[in-house]
Amino acid sequence: MSVQDNNRFQSIISHAKEYGFVFPSSEIYDGLSAVYDYGPHGSELKKNIRDYWWKSMTQMHENIVGIDAAIFMHPTTWKASGHVDNFSDPMIDNKDSKKRYRVDHLIEAHADKLKEKGADGEKQADELLATMDQLLANDDFAGLKKLIEDNKIVCAVSETSNWTEIRQFNLMFSTQIGSVSDEADTIYLRPETAQGIFVNFLNVQKTARMKIPFGIAQIGKAFRNEIVARQFIFRMREFEQMEMQFFIKPGTQKEWYDYWKETRLKWHLSLGIPADKYRFHDHVKLAHYADAALDIEYEFPIGFKEVEGIHSRTDFDLGNHQKYSGKKLTYFDTEINQHYVPYVIETSIGLDRMFLLILSHAYEEETWTKEDGSPDSRVVLHLPPAIAPIKLGIMPLTKKDGLPEIAREIMNTCKPHFRCFYEEKDAIGKRYRRQDAIGTPFCITVDHQTKEDQTVTIRHRDSMQQERIHISEIKAKVLDLITL
RNA sequence: GCGGAAGUAGCUCAAUUGGUAGAGCGAUAGCCUUCCAAGCUAUAGGUUGCGGGUUCGACCCUCGUCUUCCGCUCCA
């Protein structure tokens, strides 16, 4: 990351705090690591992004319906999903190099080296791996540590065997349900929202009378106890996902994967973000549930980073829930008169990351020279008008001569239809600057001419140009401009 | 979690070798009013991140801790 980009990222974070978009959580208590709160303008912007996604996915797709599942789920859910096995790993640190390894990766790497040494080594390696699997299955950390020491496994960097104790890192947050604290009552905060959709597959399919192919959309919080959570709201421990699971006939996953890949990119571009800021990143190493996966990456000031994932999840999830619950999760396809467990294409976008994306794209520090030769500047958020927290600033040029009364009338006419902000304090230029800083796309100014001919000026945020329109046109014009 | 750097008003920063914290911007109220921040007046706002230690005395030295940033590491 260049110094310039880094400064830009810092400026965006400062701006977000100063203008009420994002605050560090519990700031008066020094904050809580990697947890943030959304302020007055931030919560509005976030809600608008959320609403736009929801509308695009459900209202605009007749075969997609929504749900809102609970954050708490039956503990077996996470066994079936693979999270209990894959989301908690024993880790060990080398004290000299400060490198941290997953214990199984460390031992496997050693086994690979042994195998290169011929038949003897291969036999040793197989024994080693068998012992490791057994110890892992029993969560025998002391045994694993001994195994590492007995085999004289060294760190690849420091080449020493100066290891810490093995520690368990569980990326799922746990809590207790019920009044008695018993181990059997331990439940997890969901590490992803997808499982709430899978366990409700039949409920939704039957009650909404859905026919394959169809999708279920959901927006909600998920929680991951990241070892390292950093970079502002990019990686948080509590975050919000906007997910859609699309259920399809087995064998058609390739075409639907491609369809959603293109459809989702179009959604991003519809917000006016340039295509060259995006790229696809195909996963080479696939997760345990997928037969194809890619990330939609955006060029943040901190580099190209994942904002959305498209995953072909096969029948892994429904199949496993069927197995663990003992309930049939099949669909009867009347076209071919067959039961089957549907395949799934998932689109999963981080709402907080989308928020950061929008903010990163919108933020600009502009400088220019005025007519008299003096320099001028402003900080402006070029937010897409449809998702801007405030759509219209309404301001009388001065506080007297009856101008505020007219402006108030306009305010009352417009505020039921879109978010407006009324202000009469300070010079008009200063008021424009304040609206620029929070991304308000349009400002109406009532001046003395208004009293003569019932016209006002409407000022456009990005161009700073103004045009005169009749008071009666304001509502319709703004509504038109804020519609995507 | 490790290493490095930083933390003073909402923001950006000051404060001689250790002598009980100031300014600009911003905010609020009022005046003025000329359509792009920069006029005038007043007001509010800080146990210097937090907690110990050294000292007659700590923003300053020291230890711990929290948070943030950078680099590792991790990342379904």
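A, B, ... follow the sequence lines: proteins, then strands. Residue 1 opens every chain. Since we're looking at a predicted model, the values are computed, not measured.
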Selected nucleotide, minimal atom distance to [X] side chain, candidates [options]:
X	options	value
Glu18(A)	C35(B), C36(B), G10(B)	G10(B)
Gln10(A)	U34(B), C69(B), U33(B)	C69(B)
Trp368(A)	C36(B), G26(B), U33(B)	C36(B)
Arg224(A)	A76(B), C69(B), A37(B)	A76(B)
Thr398(A)	U28(B), C35(B), U34(B)	U34(B)
Thr445(A)	A76(B), C35(B), A38(B)	C35(B)
Asp376(A)	U34(B), C35(B), C36(B)	C36(B)
Tyr432(A)	A29(B), C31(B), C35(B)	C35(B)
Arg235(A)	C35(B), C75(B), U28(B)	C75(B)
Lys399(A)	U33(B), C35(B), U34(B)	U33(B)

Between atom [atom1] in [X] and atom [atom2] in [N], what is the gap in whole Å?
X	N	atom1	atom2	answer
Tyr19(A)	G10(B)	OH	C1'	10 Å
Glu308(A)	A76(B)	CD	P	17 Å
Ile13(A)	U68(B)	CD1	P	11 Å
Lys305(A)	C74(B)	NZ	P	14 Å
Asn320(A)	A76(B)	CG	C1'	15 Å
Gln231(A)	C75(B)	CD	C1'	11 Å
Phe234(A)	C69(B)	CZ	P	13 Å
Glu27(A)	A9(B)	CD	C1'	13 Å

Verify the distance criterion only: is there a donor paired with an acceptor across the side chains of [X] and [Y] at less than 3.5 Å?
X	Y	result
Asp291(A)	Ser312(A)	yes
His382(A)	Glu364(A)	yes
Thr193(A)	Gln241(A)	yes

Whole-Å [atom1] distance, [N] and [M]:
N	M	atom1	result
C11(B)	A27(B)	P	14 Å
U55(B)	G71(B)	C1'	38 Å
G7(B)	C13(B)	C1'	13 Å
C72(B)	C56(B)	P	47 Å
A21(B)	G46(B)	P	14 Å
A42(B)	U47(B)	P	25 Å
A44(B)	A37(B)	P	29 Å
G51(B)	U12(B)	C1'	29 Å

Give a yes/no verdict on a cation-pi contact between [X] and [Y], requiring under 6.0 Å between NZ or CZ and the six-membered ring centre and an angle within 45° of the axis.
X	Y	value
Arg50(A)	Trp53(A)	no
Arg279(A)	Phe304(A)	yes
Arg224(A)	Phe173(A)	no

- Closer to the 5' end of RNA chain B via nearest nucleotide, is it Val35(A) or Gln465(A)?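 Upstream on the strand: Gln465(A).
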- Query: Given that Leu32(A) and Asp426(A) both sit by RNA chain B, which one's nearest nucleotide is further toward the 5' end?
  - Reply: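 Nearer the 5' end of the strand: Asp426(A).
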- Message: Just so I know, are the side chains of Gln245(A) and Arg313(A) near enough to count as touching, which here means a heavy-atom distance under 4.5 Å?
- Response: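 Yes. Closest side-chain heavy atoms under 4.5 Å.
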- Flag the pair Ile444(A) / Thr457(A) as yes when at least one side-chain heavy-atom distance between them is below 4.5 Å, and no otherwise.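 A side-chain contact is absent here, since even the closest heavy-atom pair is not under 4.5 Å.
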Given that both distances must come in under 3.5 Å, which nucleotide forms a Watson-Crick or G-U wobble pair with [N]?
N	value
A21(B)	none
C61(B)	G53(B)
G45(B)	none
A38(B)	none
A5(B)	U68(B)

Looking at every strand, decide which applies to [X] at a 4.0 Å heavy-atom threshold: base, sugar-phosphate, or nothing.
X	result
Phe23(A)	nothing
Ala222(A)	nothing
Ser348(A)	nothing

Would you say [N] has OP1 or OP2 under 4.0 Å from some side-chain N or O of [X]?
X	N	result
Arg434(A)	A27(B)	yes
Ser33(A)	U68(B)	yes
Lys430(A)	G26(B)	yes
Lys17(A)	C11(B)	yes

- Side chain of Ser14(A), base of C11(B): donor and acceptor closer than 3.5 Å?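 Flag unset: no donor-acceptor pair detected.
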- Message: Is it the case that the base of C36(B) and the side chain of Arg459(A) share a donor-acceptor contact (distance under 3.5 Å, atom types as modelled)?
- Response: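 Per atom types, the contact qualifies.
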- Item | Intermediate values then yes/no, side-chain hydrogen bond (donor to acceptor under 3.5 Å, both in side chains), His83(A) and Gln195(A) | CA-CA 11 Å; His83(A) 284 83; Gln195(A) 300 306 325; 4.9 Å; no
